[in-house]
Each structure stands twice: as structure tokens, then as C-alpha cells.
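Shown next, in C-alpha cells, is the structure this report addresses.
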Amino acid sequence: MLILTRKVGESVAIGDDIQISVVEIKGTQVKLGIRAPREVSVHRQEIYLKIQEENLRAAQVTKDVLGEVEDLFIKK
């Protein structure tokens with residue numbers, strides 16, 4: 001993990017297309033501004049993990065449903 005120190009108004013560049021700026025520091029919270037192309041998803045970590053969980057759940061439901069449909073065809 002790379003650890004950097006930045007002040008309000010300073011930024012970090014990731015590749016050519018992503019820029020993360022420190023917008024505000026208030027107590028123990030840091031407000032970040034993120035500039036990235038539209039095709040790059042940017043989420044808070046807890047939201048990203050929920051999306052991943054939901055994707056796994058949806059894949060399992062799809063697998064279960066396809067298995068039931070397959071059973072219907074095999075039985076006939």
C-alpha cells in the first residue's frame with residue numbers, strides 16, 4: 001500500500017485519467033474529490049462490498065433457476 005501525505009487543495013494522480021483531491025479536512029474526516037472517466041466505477045468500500053455480495057447472490061439465483069428449467073426439459 002502506498003501512503004501519501006496531502007494537504008487541502010492537493011491531489012494524487014492515478015494513471016492519466018484519475019485524480020483524487022483533498023477538498024476538506026474536518027476533525028477526523030477527510031472530504032475527497034474524485035475525477036475519473038464515466039466508465040470507471042467509484043464507490044465507497046462498504047457500498048462496493050454490498051454490490052459484490054448482491055452480484056454473487058444474483059448469480060446463484062440464476063444458476064438455481066437455470067437448473068430448474070433444465071430439470072423440466074430433461075423430465076419430458
Report yes or no: do [X] and [Y] belong to one cluster of Ile/Leu/Val/Met/Phe/Trp/Tyr joined by side chain heavy-atom distances under 4.5 Å?
X   : Y   : result
V8  : I20 : yes
Y48 : L32 : no
I34 : I51 : no
V12 : L2  : yes
I14 : V40 : yes

Within this structure, what is the NE2-CG distance for the pair H43 and L49, rounded to the nearest 0.5 Å?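 Taking NE2 in H43 and CG in L49, the distance rounds to 11.0 Å.
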CD/Q19 to CZ/R35 distance, rounded to the nearest 0.5 angstrom?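 Spacing of CD (Q19) from CZ (R35) equals 5.5 Å.
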More than 12 heavy atoms of other residues, nucleotides or ligands under 6.0 Å from [atom1] of [X]: yes or no?
X   : atom1 : result
Q29 : CD    : no
N55 : CG    : yes
R6  : CZ    : yes

Does the pair E54/R57 count as a salt bridge with the N-to-O cut at 4.0 Å?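 Between R57 and E54 there is a salt bridge, with a charged N closer than 4.0 Å to a carboxylate O.
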Minimum heavy-atom separation for V23 and G33, please, with both atom names. CG2-N, 3.5 Å
